[in-house]
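Written below as structure tokens is the structure these notes are about.
Owing to the predicted nature of the structure, the values given are computational and were not obtained by experimental measurement. Below, all heavy atoms of this structure are taken into account, side chains as well, without hydrogens, waters or symmetry copies. Proteins get letters first, then strands, A, B, ... in listed order; numbering begins at 1 in each.
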Amino acid sequence: MLAFNGLSPLQLPFPPKYSNCKTKTKQTFSIAAAYSIKTIPQHSIKNNKTIQSLCKQGNLKQALQILSNEPNPTQQTYELLILSCTQQNSLSDGVIVHRHLIDDGFDQDSFLATKLINMYTEFNSMDNALYVFDKILDKTIFVWNAIIRGFALSAHGEEALSLYYSMNQIGMPSDRFTYTYALKALVVSSPSISLIQKGKEIHGHILRHGFESYVHTMTTLMDMYARFGCVSYAKYVFVKMPEKNVVSWSAIIACYAKNERPVEALYLFWEMMSETFDVVPNSVTMVSVLQACAALSALGQGKLIHCYVLRRGFDSTLPVMNSLVNMYLKCGSLYIGQRIFDQMGKKDIVSWNSMIAGYTINGYGKEAVELFRDMIQNGVSPNIITFVSVLGACSHAGLVNEGKQIFDSMTRQHKVVPTVEHYACMVDLFGRAGRLDEAAKIVEGMRIEPGPTVWGSLLGACRIHCNVELAERASVRLFQLEPVNAGNFVLLAEIYAAAKMWEQVSKVKKLLEARNLQKVPGCSWIEVKRKIYSFVSIDELNPQMEQLHALLIHLSSEMKEKGYVPDTRVVLYELDQVEKERILLGHSEKLAVAFGLINSGRGETIRITKNLRLCEDCHSVTKFISKFTNREILVRDVNRIHRFREGFCSCGDYW
DNA sequence: ATAGGGTTAG
């Protein structure tokens with residue numbers, strides 16, 4: 001049988017009475033079972049009743065006192081005692097009850113074993129839970145389910161799975177609970193390709209054994225696919241589900257929102273609202289829908305959802321409020337987001353983190369750091385995410401010393417151990433500020449293995465400051481760690497291109513071709529009159545393409561008269577100047593800007609989101625357009641929000 | 001006796 005590593009936290013001296021459980025026969029169990037129904041003296045019956053009612057009142061200590069002098073507790077009494085220990089959150093009392101239970105010969109009672117396993121699971125004490133499991137001979141489906149559930153809930157996916165497989169091996173048939181726990185176990189296992197395969201196998205078992213009509217099991221199955229990024233499988237399960245409730249709808253919406261398909265998430269939400277009258281969204285649904293709005297900078301949709309939230313009274317639900325704050329901040333509506341944040345009665349770490357990150361992406365680094373200090377003043381402990389956000393704020397605002405100081409305070413003051421991401425932030429902090437030597441020193445002095453994010457930050461810094469030599473060093477490591485990430489190769493090629501090292505540029509491109517790697521295509525989204533439109537570079541299928549292109553060409557020639565020179569460095573193909581410029585004009589964000597100009601009302605702010613970093617040429621073109629057309633244009637790229645107004649960008653050309 | 005979906009960063 002599987003052994004769980006680690007000592008029992010309480011070092012239970014088991015078993016005091018039946019010193020050799022393994023040799024016990026089934027007979028012992030039936031004796032124990034019989035014991036619970038044997039006639040017991042009148043005062044014992046009274047004691048049992050007293051213990052039970054004390055447990056129900058939450059007076060565990062007194063119940064335990066009576067228990068210690070009572071030789072005949074019943075199964076029901078033990079059940080209530082165990083439940084009470086869980087409710088009182090007392091592991092040590094739980095162990096006391098467990099010992100008594102063994103002394104009284106209930107250690108082969110599978111009902112109580114299940115209860116004990118569940119109790120130990122609540123306390124995250126899986127060593128003890130496994131102890132109970134190992135000792136119980138009559139392993140009923142409840143016992144099996146309880147132990148698998150316990151390991152799955154405590155994020156020990158591998159242990160849970162291995163138990164699931166041993167259960168199969170001994171021929172114990174799974175039920176719908178077993179499948180849900182096994183699927184949960186997959187989700188919490190350490191990432192591996194084979195997990196998806198195992199998930200599909202479990203899917204097969206579920207179908208073969210006729211469990212496909214259980215909503216709970218199928219929703220978990222869907223969620224498993226969603227978490228592994230298998231969106232089409234999740235959708236398949238969803239479509240096949242005979243009965244869909246608010247949870248299954250929320251799960252599929254969350255699936256799309258989390259897997260970079262926010263447009264479909266919104267589409268599903270409206271489908272849910274219009275096509276099914278018996279399914280009403282709840283606060284959990286709202287969170288995923290708002291996440292989708294945030295991802296798209298779809299302010300119109302977001303405001304509509306906000307109204308719905310108010311109408312349904314979800315504005316007292318913390319996660320919903322956090323999602324609203326996040327949505328407004330991601331849409332660049334700093335003022336509204338800030339106001340909601342200020343007016344929130346309750347705030348948790350997520351609220352603070354969202355607001356800090358919101359200041360950062362909107363270009364308010366100093367305010368982000370101030371809010372970080374406020375948060376500590378308010379007695380809220382920062383976590384890993386807080387530091388990623390606040391260090392990001394420092395690096396975007398060029399607050400190098402501030403960042404250094406905060407990084408030091410992480411371990412010293414706040415007992416948060418820096419992860420690779422935090423080192424990446426530090427590399428970015430020094431790198432952006434042009435202090436590449438110090439950035440490189442950070443990498444050398446790391447206590448943990450620098451991952452791809454760290455080398456990536458360094459390479460990014462080299463791109464900003466055109467440092468070919470360091471870029472080459474960083475990319476050697478980066479290419480080893482991420483051999484199939486085309487973005488890294490493109491970054492290096494851009495650095496060579498900036499240094500006019502054309503031979504090297506073509507070498508990198510050949511490397512890309514040889515490995516058959518493709519750049520992630522640029523994609524931009526824009527919301528006009530509450531409808532979402534998406535653009536990819538030079539999209540022949542777009543019916544308005546000619547019109548968009550004509551407008552861009554017109555704007556481009558106007559700009560050239562005013563001294564604009566197209567920045568073709570990002571075009572890595574060997575083409576003549578005219579062709580390069582044509583490709584540049586086809587960048588998805590330019591198309592989205594042109595679309596916004598044509599289709600939205602005069603004076604309306606144009607809001608765009610894109611999946612990559614904004615290129616230099618698009619940046620200068622959008623600056624120009626904002627002035628020329630007297631429009632405010634917001635573009636959110638992967639890093640931050642650029643607010644273009646009257647020829648200037650809020651990022652101060654530093655991004 | 002046991003069960004499903006949600007928020008923040010990169």
What's the [atom1]-[atom2] distance between [X] and [N], to the nearest Å?
X        : N     : atom1 : atom2 : result
A:Ile361 : B:dT8 : CD1   : P     : 12 Å
A:Asn362 : B:dA9 : CG    : P     : 12 Å
A:Phe151 : B:dT2 : CZ    : P     : 20 Å
A:Glu421 : B:dA9 : CD    : C1'   : 8 Å
A:Asn383 : B:dT7 : CG    : P     : 15 Å
A:Leu329 : B:dA9 : CG    : P     : 10 Å
A:Met272 : B:dG6 : CE    : C1'   : 13 Å
A:Met241 : B:dG4 : CE    : C1'   : 9 Å

Touch class at under 4.0 angstrom, heavy-atom based, for [X] against every strand present:
X        : value
A:Asn282 : base
A:Lys258 : sugar-phosphate
A:Phe387 : nothing
A:Ser354 : sugar-phosphate
A:Val246 : base
A:Thr114 : base
A:Val638 : nothing
A:Glu79  : nothing
A:Thr453 : nothing
A:Ala146 : nothing

*Validation row: A:His216, A:Phe177 side chains within 4.5 angstrom (heavy atoms)*: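 They are not in contact (no side-chain heavy atoms under 4.5 Å apart), so the answer is no.
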
*With centres under 5.5 Å and planes under 30°, do A:Trp249 and B:dG5 count as stacked?*
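Stacking is absent between B:dG5 and A:Trp249, given that the ring centres and planes do not meet under 5.5 Å and under 30°.
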
*asked:* Can you tell me if A:Asn326 touches the phosphate of B:dT8, counting only side-chain N or O atoms and a distance under 4.0 Å to OP1 or OP2?
replied: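 It does, given that an N or O in the side chain of A:Asn326 lies less than 4.0 Å from OP1 or OP2 of B:dT8.
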
*Look at the side-chain N and O atoms of A:Arg149 and state whether any lies under 4.0 Å from the OP1 or OP2 oxygen of B:dG4.*
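No.
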
[options]: which one has an atom nearest the side-chain heavy atoms of [X]?
X        : options              : value
A:Asn118 : B:dG4, B:dT2, B:dG6  : B:dT2
A:Lys330 : B:dT2, B:dA9, B:dG6  : B:dA9
A:Val247 : B:dG6, B:dG4, B:dA9  : B:dG4
A:Asn145 : B:dT7, B:dG4, B:dT2  : B:dT2
A:Val388 : B:dG4, B:dT2, B:dG10 : B:dG10
A:Lys115 : B:dG5, B:dA1, B:dT8  : B:dA1
A:Ala357 : B:dA9, B:dG5, B:dA3  : B:dA9
A:Thr285 : B:dG5, B:dT8, B:dT7  : B:dG5
A:Ser323 : B:dT7, B:dT2, B:dG5  : B:dT7
A:Ile385 : B:dA9, B:dA1, B:dG5  : B:dA9

*Over all atoms of both residues, closest heavy-atom pair of A:Leu296 and A:Thr609*: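 Smallest heavy-atom distance, with atoms named: O-OG1, 3.0 Å.
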
_Qualifying residues under ring pair (Phe, Tyr, Trp, His ring centres under 6.0 Å), relative to A:Tyr225, sequence neighbours excluded_ =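 Here the qualifying residues are A:His203, A:Tyr233.
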
*State which residue, out of A:Met410, A:His414, A:Met375, fulfils the side chain to side chain contact (heavy atoms under 4.5 Å, CB included) condition with A:Thr386.*
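Going through A:Met410, A:His414, A:Met375 one by one, the side chain to side chain contact (heavy atoms under 4.5 Å, CB included) with A:Thr386 is satisfied by A:Met375 alone.
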
*asked:* With side chain to side chain contact (heavy atoms under 4.5 Å, CB included) as the test, pick out the partner of A:Leu183 among A:Leu221, A:Thr178, A:Thr219.
replied: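 Between A:Leu183 and the candidates, side chain to side chain contact (heavy atoms under 4.5 Å, CB included) is satisfied uniquely by A:Leu221.
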
*For the residue pair A:Phe372 and A:Phe387, does the interplanar ring angle fall in the parallel (under 30°), tilted (30 to 60°) or perpendicular (over 60°) class?*
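Rings of A:Phe372 and A:Phe387: perpendicular, over 60°.
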
*Give me the one residue out of A:Trp352, A:Tyr328, A:Tyr359 that meets ring pair (Phe, Tyr, Trp, His ring centres under 6.0 Å) with A:Phe341.*
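Considering A:Trp352, A:Tyr328, A:Tyr359, a ring pair (Phe, Tyr, Trp, His ring centres under 6.0 Å) with A:Phe341 is found only for A:Trp352.
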
_base_contact_polar (B:dG5 base, A:Ser250 side chain, donor-acceptor, <3.5 Å)_ =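 Side chain to base: pair present.
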
